[in-house]
Amino acid sequence: MTQGASSGPARRAVIGAAVAAGAALGTGAGAGAAQAAARTQGRGGGPGYRGLPVPTVIAHRGASGYRPEHTLGSYRLALDMGAHVIEQDLVPTRDGHLVCRHENDITGTTDVADRPEFASRRTTKSVDGTSLTGWFTEDFTLAELKTLRAEERIPAIRQENTLYDGRWTVPTFEEVLRWAEREGRRRGHPVWLHAETKHPSYFRGLGLGLEERLARLLRRYGRHRANSPVFLQSFEPSSMQRMARLVATPRVVLLSGPASRPWDFVEAGDPRTVADLVKPAGLDWIASFAQGIGPTLDLVVPKDAAGRLTEPTTLVRDAHARGLLLHPYTLRNENAFLPADFRRGTDPTAYGDAFGAYRAYFATGIDGIFTDMPDTGLLAAEEV
Ligand code: G3P
Ligand code: CA
């Protein structure tokens with residue numbers, strides 16, 4: 001990692017450029033605050049998310065900067081920190097239960113590799129065109145999966161989090177819904193969730209369609225309405241189109257790098273790339289079935305060859321013009337994940353100038369942000 005210009009003119013220039021560009025678009029820090037006030041006043045008639053604080057701090061896989069991701073411990077810490085929304089990624093078990101894992105390959109986030117009784121389940125399969133070897137949720141019943149314990153995904157960077165290895169099981173989404181209901185009652189305000197369907201085409205091909213199962217759970221727990229405290233999200237637009245036919249819950253289309261193609265497009269022979277989807281026609285199309293987009297942060301403020309932030313794109317303005325909110329992903333405090341201009345020193349595991357990075361991204365007028373460290377994000381959001 002290069003020595004970051006975390007202080008001095010270079011960084012100020014980046015922030016200044018972002019603020020200036022945001023102001024020119026009517027979406028800078030000042031306008032952002034005005035938008036926040038306007039949106040938090042919209043509780044009456046509009047969709048429920050209009051009552052959320054802006055910028056909205058979304059706890060990415062819970063407070064995954066401090067606890068093994070997608071555990072009740074990670075979700076609980078995020079809520080205790082005050083995160084506005086808590087994210088789940090959803091994959092199915094062999095018997096059709098939705099569980100919270102970032103991917104169906106559970107090799108890196110559970111102790112499955114140390115469990116001799118499951119050694120024979122190790123296998124190689126192709127998921128969305130990528131060959132993977134490991135253990136997969138769809139090869140386990142829920143009862144089997146529940147015997148596993150969650151572990152830290154990146155122990156080399158987050159050694160402290162390994163303290164909690166083995167402490168929690170893999171939660172089902174139904175457990176999370178029950179927990180959210182319970183905590184909402186106890187705390188006197190709804191607990192917002194942000195649930196992503198992972199590899200929906202792949203699972204439909206296995207007879208394990210995610211959307212009907214998700215819709216059933218949302219209905220069971222009263223989160224199927226336009227004003228329900230939950231967002232749905234997917235990298236596959238057809239998954240959000242399917243959800244739109246099943247429930248009214250707000251939907252967000254995730255967008256990866258510009259050259260990438262959603263896997264459902266690949267399967268359907270749709271030639272469009274993400275670069276096409278962020279153009280006016282692409283955004284018009286998304287706005288016909290979704291309420292927001294979840295772009296990678298690089299689509300909002302691209303980086304140069306050295307990994308430094310450059311000028312913001314017009315994506316915030318273009319999406320807002322179509323009534324789409326923006327929940328970009330993912331900001332983390334460690335140097336390893338920050339833009340080069342906000343790194344401090346050369347240790348990839350050390351924290352850089354995360355507040356500077358938040359400032360630059362918030363200045364673009366984004367509506368929220370996914371972060372592994374919601375406490376940092378909340379402090380940064382106070383400055384907007
Ligand atoms: O869902 C928002 C963000 O989490 C997308 O990236 O890969 O962490 O699910 P990923
Ligand atoms: Ca996700």
Side-chain angles (χ1 to χ4, degrees), residues 49 55-65 67-71 74-75 78 83-92 98-109 127-130 132 137 150 152-154 157-158 170-171 173 176 192-203 210-211 214 230-237 239-240 243 249-258 260-264 274 277-278 286 290-300 315 319 324-334 336-337 361 366-374 377:
Y49 57 81
T56 305
V57 175
I58 306 159
H60 183 243
R61 314 179 195 175
S64 57
R67 298 287 186 274
E69 68 187 41
H70 289 314
T71 58
S74 177
Y75 298 155
H84 303 137
V85 181
I86 299 172
E87 193 212 16
Q88 293 76 45
D89 295 308
L90 302 178
V91 292
L98 296 183
V99 294
C100 302
R101 288 289 93 188
H102 179 258
E103 55 273 290
N104 50 333
D105 180 354
I106 49 174
T107 312
T109 62
V127 180
D128 297 357
T130 302
L132 298 170
T137 58
E152 171 55 41
R153 170 190 294 275
I154 43 174
I157 294 182
R158 294 177 176 164
V170 173
F173 188 51
V176 175
W192 276 80
L193 306 176
H194 211 308
E196 179 183 349
T197 56
K198 282 289 184 192
H199 311 299
S201 294
Y202 168 81
F203 286 120
L210 301 177
E211 292 82 2
L214 178 53
V230 56
F231 294 98
L232 307 175
Q233 41 159 341
S234 185
F235 282 104
E236 295 188 26
S239 179
M240 292 299 95
M243 289 309 303
T249 313
R251 297 164 295 280
V252 171
V253 172
L254 298 172
L255 300 167
S256 190
S260 67
R261 275 168 81 203
W263 185 252
D264 52 341
V274 165
L277 293 183
V278 296
I286 290 173
Q291 287 68 41
I293 56 172
T296 172
L297 282 163
D298 290 353
L299 288 172
V300 178
L315 185 58
L324 292 166
L325 56 77
L326 293 95
H327 286 169
Y329 63 92
T330 300
L331 195 48
R332 303 171 170 100
N333 288 356
E334 294 100 341
F337 307 112
Y361 289 123
I366 56 176
D367 302 85
I369 195 161
F370 285 88
T371 172
D372 289 6
M373 286 87 166

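As the structure lists them, so they are numbered: ligands from 1, and atoms in each ligand from 1.
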Does ligand 1 have a heavy atom under 4.0 Å from the side chain of H194, from its backbone, from both, or from neither? neither

For T330, is at least one N or O under 3.5 Å away from an N or O on ligand 1? no

Using modelled atom types and a 3.5 Å cut-off, is there a donor and acceptor pairing between side-chain atoms of Q291 and backbone atoms of R251? yes

With no hydrogens and no angle check, do the side chains of R101 and T137 hold a donor and an acceptor under 3.5 Å apart? no

Give the residue and atom name of whichever protein heavy atom lies nearest to atom 1 (O) of ligand 1, and the separation in Å to one decimal. Q233 OE1, 2.5 Å

For the Ca ion (ligand 2), give me the closest N/O/S atom belonging to D89, just the atom name. OD1

Distance from atom 7 (O) of ligand 1 to nearest protein heavy atom, with residue and atom: H102 NE2, 2.7 Å

Please indicate whether any nitrogen or oxygen in Y329 is less than 3.5 Å from any nitrogen or oxygen in ligand 1. no

Examine the side chains of S64 and D372 and answer whether a donor and an acceptor come within less than 3.5 Å of each other. yes

To the nearest 10°, how many degrees is the angle E87 OE2 to the Ca ion (ligand 2) to E196 OE1? 120°

Check if H327 has a non-hydrogen atom at a distance under 4.0 Å from any atom of ligand 1. no

Does E87 have a heavy atom less than 4.0 Å from any atom of ligand 1? yes

